[in-house]
Every structure is written in structure tokens, then in C-alpha cells.
Amino acid sequence: MRFPGCFFAMIVTLRAALANDPAQAEQALQDIQAGKYAKAASLLEEATRRDADNAELWNLLGIADTELGKAREAEQSFDRGLSLTPDSVSLNENSGLLFFREEKYVAAKKRLARAVQLGSENPGVRFSLAASKLRTGEAEAALRELKALEPSLGNVQQYWEERGRAELAANPAAAEVSFERALKIAPESIIALNGAASAAERDGLEEKALSYLIRARTLAPKDVPTLLHFADLCIRRDLGPDAIKALEQARELDPNNSNALYLLARANISVQNWQRAFDLFREYSARHPNFAATYYALGWLDLKLGRVADARQQLEHCLALDPAQADARYELAQLEFDDSHIEKAHSLLETVLRQNPNHAKANMTLGEIMTRSGDLPKARELLEKAVKLDPKLAPAHYKLSVVYARMHESEKAAQERTLAARLSAQEKQQSRTQLRLVLPGDQTEKAR
């Protein structure tokens, strides 16, 4: 992201330094200010051949090359100038801003901080320094510096967008206010709409987040990051068909986008398109062969498709890549349990619970093993923990009802059986129900 006008402000400060230079250099400066960058670069290349020790000529050449999109050449020019005058404010400013434009934030931070240390008062420089700090993990310092810039930049859209980013993790409500400030200045800002949606999501206001993203999609129907953000939220909101539609569009616009591919696989799981999801995850694994979670998804889908041997292979490969994948280990434990290899299942489940004591399904299955072994108090403890961790886990409620019945707590047993039956029925109903949004301009009826 480039802060408007910051390069021009620095160029103006060079006029005094060039006052005694040849007319050719003065003409190059005028050409830069007039936007004639190629002409300026040609003049400056000739000037630096004649006067290679003039740091300001290298500075101007770096500016011209930056505006021409020749980042490597610009960086070399700024470095040459800094080798001659390392304490030049404008050279540190321009070099830092080039790094910022190129998303080299560590290098940008170093040069911009040096410019400020040398006395730079340019708001664009200080803004870019704060933004670089935010992108290198210094959120608190970035926010502090951004707040100090409000008197200078409070009427600039990009300022409020960046401030919203800085506030997002620690204070989503404040972030949403900042993104709304950006939207007052620029109502069609896709960055601000996506930012406000993220803030609302962090506050648990998913309906509000969805409204921001619908506005963003309406304003920029071909913006891929918006399509991905919208689809991700739709998956969580059980709006699978809408997620798939958005992601298919994103894939058409950007076929090499791996995030779109991964989300599309997830969206197909949400509508129980098991084979389609499997094929998409397999495509993703070909692009990213060392991403362990993909093989867990492939194994889980193999189980849904009845391919048990293949599932076992995928899950074992997942754990070979990342032993911390507790869900994959749980599925292997469940396979051992289903095959009556109780000791193997028991060992795997204990490992899962060492990794994640709050794994609801691992608590449930280990509770069932304890029930079979006759250790009813331990079974009760594990199953009660499972339903506390996941109140909608119908099998855990049913298994708990069996334990209560065996412990002669008939009322509790009946309650758990009833709850298990209701949750199971709800799950079946939801599996047959797919909501569909009606977006602006979409004539499709809402379907249930």
C-alpha cells in the first residue's frame, strides 16, 4: 500500500540541494514533478555517469525508477546514494518507502526509522513506519504511533484502514469504528468493508459481518480476497451453496489461488459432496505436499466414502508429517476400536488426550472403553466431560445414558437418551437443509 503523495513531498525538499547542479539535473527534477519519469530517468542516468559522487542525483534516479516500476534499479540507486551520504533524510525516506511498496517490511522499518531519527517530519514516512511495524509483529507500537498521527492524517482513508488493522486483535470494537471512519471518507473502500467484517466476526457478530461482505461483493464482484472472506464466513454460517458459488468464481478469476482451492474443498464437505471435496483436497495436496492437515481431511473423507484402508494410509501420513495432529490420531484410534483392537485404541486415545485434554470425541471413546471394562466411575467422568466440551455430540449423550442406567440413575439416563435422540434428529435434518442467501442482483429464491 502506498501513501498518497509521499514521494512528491520528498522530491520538493531536494530543490535547494540541486540549486547549483547543471541544468540537466534541474530539468530531470522538473520532469519527475511533471510525471515524465522515463525522460527524467534518461537524463539522470547520463548525469550520474558524469557525476557519480552526487548523492542527490542517485536519489532522483531512484525516485524516477520507482515510479517506472523498476524496483531493483531504484534500490541500487538509493543504496549508491546512501553509501555517499548515509545520514541523508530524503534518501532514507525514499529507500524505506520503496521497501514498503515492495512489502519488504523489515528493511522498510530500518530505513524509515533512521529517517525519523535524522529528523523526518513527513507524515507519510511516519505512517509507513507504523504500518511496517504492524506487519512485523509490533502491533502495540504501531497503534501508538498511528494514534499520534491522527491530527495530520485523520481525513485520509488509508490512515483509518491501517489503524483498524492495528486495533483488530486487541480491540475489535475500536477497529470497527476505525473502519467505519474510513468508510465515511470512502464509502466504496473494499479494504474497509472487509476490515469491518473481520472486526464484527471477532466480536461474534457474524450477521453484521455478513452484511459488510455482501456490500463489498456488490461493489467489487470480482475481488478475490472479498470472495474468499465471504465464502469462509458462509461455511461457518451453514451457507454452503453460497460459499461454493463464491469460491468457484474466485477460482475462475485466480486459478492458482491455493486458499480458494482449500476453502472450496471445505465448502463441499459442508454440503456433503464427499467425492468432490476429496478431489479438491487431493489437488491441494499436489500443490502443498507437506501440509499435514490436508491428509487428515483426505483420510476423513476416505472414511465417509467407505475406503478404510486408504483412510488409514492418509491418516498415518498426516501424523508422520505432524505428530501434533490430534484429530488424525483420534480417527486412527477409532479405526482400532472398530476393529476390536482395544489396547491399541486405548493407547492412541491417551496420547490424544495428553496432546489435547479437551478433545471431546477422545473423551467420549475412551469413556466407552471404560464402560466396556466395567470402570463405570471413570467412564462417567470421561463422558460427562465430553458432553460438557461438546453439548451437541449426540453419541456422547447416548453413551452417558448407558452409564447412568448401569449405575441405577434412571432419571438421568432417560434425560440423556432423550437429548441424544433429539440431537441426532436435528443433525439429520440439518444435513438435508442448505440455506441460500439472496444477494443484490441475484434472482434465485431463498431455498431451504
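This structure is a prediction, so every number in the text was calculated from the model and none was measured.
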Taking [Y]'s backbone N and O only, do any of them form a donor-acceptor pair with [X]'s side chain (distance below 3.5 Å, no angle check)?
{"X": "Ser88", "Y": "Leu91", "result": "yes"}
{"X": "Trp160", "Y": "Glu180", "result": "no"}
{"X": "Tyr159", "Y": "Leu146", "result": "yes"}
{"X": "Ser83", "Y": "Arg80", "result": "yes"}
{"X": "Gln355", "Y": "Pro323", "result": "yes"}
{"X": "Lys385", "Y": "Pro357", "result": "yes"}
{"X": "His317", "Y": "Tyr296", "result": "no"}
{"X": "Thr351", "Y": "Ser347", "result": "yes"}
{"X": "Trp58", "Y": "Ala52", "result": "yes"}
{"X": "His288", "Y": "Phe291", "result": "no"}

What heavy-atom pair brings [X] and [Y] nearest, and what distance separates the two atoms?
{"X": "Glu162", "Y": "Ala131", "value": "OE2-CB, 3.5 Å"}
{"X": "Ala260", "Y": "Leu247", "value": "O-CD2, 4.0 Å"}
{"X": "Ala40", "Y": "Asp31", "value": "CB-CB, 3.8 Å"}
{"X": "Leu44", "Y": "Ala28", "value": "CG-CB, 3.6 Å"}
{"X": "Pro172", "Y": "Ala199", "value": "O-CB, 3.4 Å"}
{"X": "Ala396", "Y": "Ala386", "value": "CB-CB, 4.2 Å"}

Working to the nearest 0.5 angstrom, can you tell me the gap between [X] [atom1] and [Y] [atom2]?
{"X": "Tyr330", "Y": "Leu349", "atom1": "OH", "atom2": "CG", "value": "7.0 Å"}
{"X": "Arg422", "Y": "Lys392", "atom1": "CZ", "atom2": "NZ", "value": "11.5 Å"}
{"X": "Leu305", "Y": "Trp274", "atom1": "CG", "atom2": "CH2", "value": "8.5 Å"}
{"X": "Leu210", "Y": "Arg217", "atom1": "CG", "atom2": "CZ", "value": "10.0 Å"}
{"X": "Tyr37", "Y": "Asp65", "atom1": "OH", "atom2": "CG", "value": "12.5 Å"}
{"X": "Ile244", "Y": "Gln249", "atom1": "CD1", "atom2": "CD", "value": "14.0 Å"}

Return yes when atom CD of Gln313 has more than 12 non-hydrogen atoms of other residues, nucleotides or ligands closer than 6.0 Å, and no otherwise.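 No, CD of Gln313 has 12 or fewer neighbouring heavy atoms, counting only those of other groups under 6.0 Å.
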Is the NZ atom of Lys110 crowded by more than 12 outside heavy atoms at less than 6.0 Å?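 No, because the 6.0 Å sphere around NZ of Lys110 holds 12 heavy atoms or fewer from other groups.
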Looking at Tyr295 versus Phe281, is the centre-to-centre ring distance below 6.0 Å?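 Centroid separation for Tyr295 and Phe281: 6.0 Å or greater.
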Measure centre to centre between the rings of Tyr105 and Phe100, then say whether the value is under 6.0 Å.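 Yes, ring centres under 6.0 Å apart.
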Going by salt bridge (Lys or Arg N to Asp or Glu O under 4.0 Å), name the residues that satisfy it together with [X], two or more places apart in sequence or in a different chain.
{"X": "Lys109", "value": "Glu138"}
{"X": "Glu46", "value": "Arg50"}
{"X": "Lys104", "value": "Glu75"}

[X] with [Y]: basic N within carboxylate O range, under 4.0 Å:
{"X": "Arg126", "Y": "Glu150", "answer": "no"}
{"X": "Glu140", "Y": "Arg144", "answer": "no"}
{"X": "Arg282", "Y": "Asp279", "answer": "yes"}
{"X": "Glu167", "Y": "Arg163", "answer": "yes"}
{"X": "Arg312", "Y": "Asp302", "answer": "no"}

Apply side-chain contact (heavy atoms from CB on, under 4.5 Å) to Leu219 and list each qualifying residue two or more places apart in sequence or on a separate chain.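 Here the qualifying residues are Glu188, Ile190, Leu193.
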Going through the checks in order, is the side-chain hydrogen bond (donor to acceptor under 3.5 Å, both in side chains) test met by Gln157 and Glu161? CA-CA 6 Å; Gln157 160 201 346; Glu161 290 171 349; 2.9 Å; yes
Before you tell me yes or no, could you show the steps for Ser95 and Leu82 under side-chain contact (heavy atoms from CB on, under 4.5 Å), namely the whole-Å CA-CA distance, both residues' side-chain angles and the distance that decides it to 0.1 Å? CA-CA 9 Å; Ser95 176; Leu82 284 165; 4.2 Å; yes
With a 4.5 Å limit on heavy-atom distance, are the side chains of [X] and [Y] in contact?
{"X": "Leu319", "Y": "Leu332", "result": "yes"}
{"X": "Asn92", "Y": "Gln117", "result": "no"}
{"X": "Asn59", "Y": "Ser77", "result": "no"}
{"X": "Arg202", "Y": "Glu176", "result": "no"}

Go through the steps for Glu67 and Ile32 under the test side-chain contact (heavy atoms from CB on, under 4.5 Å), then give the verdict. CA-CA 9 Å; Glu67 296 299 339; Ile32 288 174; 5.9 Å; no
Can you tell me which residue pairs pass the side-chain hydrogen bond (donor to acceptor under 3.5 Å, both in side chains) test with a partner in residues 223-234, sequence neighbours excluded?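 Only Asn194-Thr226, Asn194-His229, Glu201-His229, Asp223-Thr226, Asp232-Arg236, Asp232-Arg266 qualify under side-chain hydrogen bond (donor to acceptor under 3.5 Å, both in side chains).
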Can you tell which of Leu263, Leu280, Asn256 makes a side-chain contact (heavy atoms from CB on, under 4.5 Å) with Arg251?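 For Arg251, the side-chain contact (heavy atoms from CB on, under 4.5 Å) test succeeds with only one of Leu263, Leu280, Asn256, which is Leu280.
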Residues Thr66, Leu97; criterion side-chain contact (heavy atoms from CB on, under 4.5 Å); working and verdict: CA-CA 10 Å; Thr66 295; Leu97 287 166; over 6 Å; no
Using the side chain to side chain donor-acceptor pair (under 3.5 Å) criterion, which residues pair with Asn273? Sequence neighbours excluded.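 If we apply the side chain to side chain donor-acceptor pair (under 3.5 Å) test to Asn273, skipping adjacent residues, the hits are Asn268.
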Applying side-chain contact (heavy atoms from CB on, under 4.5 Å) to Leu335 and Leu315, what does each step give before you reach the verdict? CA-CA 11 Å; Leu335 287 176; Leu315 295 167; 4.3 Å; yes
Run Gln325 and Asp322 through side-chain hydrogen bond (donor to acceptor under 3.5 Å, both in side chains) and show every step you take. CA-CA 6 Å; Gln325 290 283 329; Asp322 182 5; 3.3 Å; yes
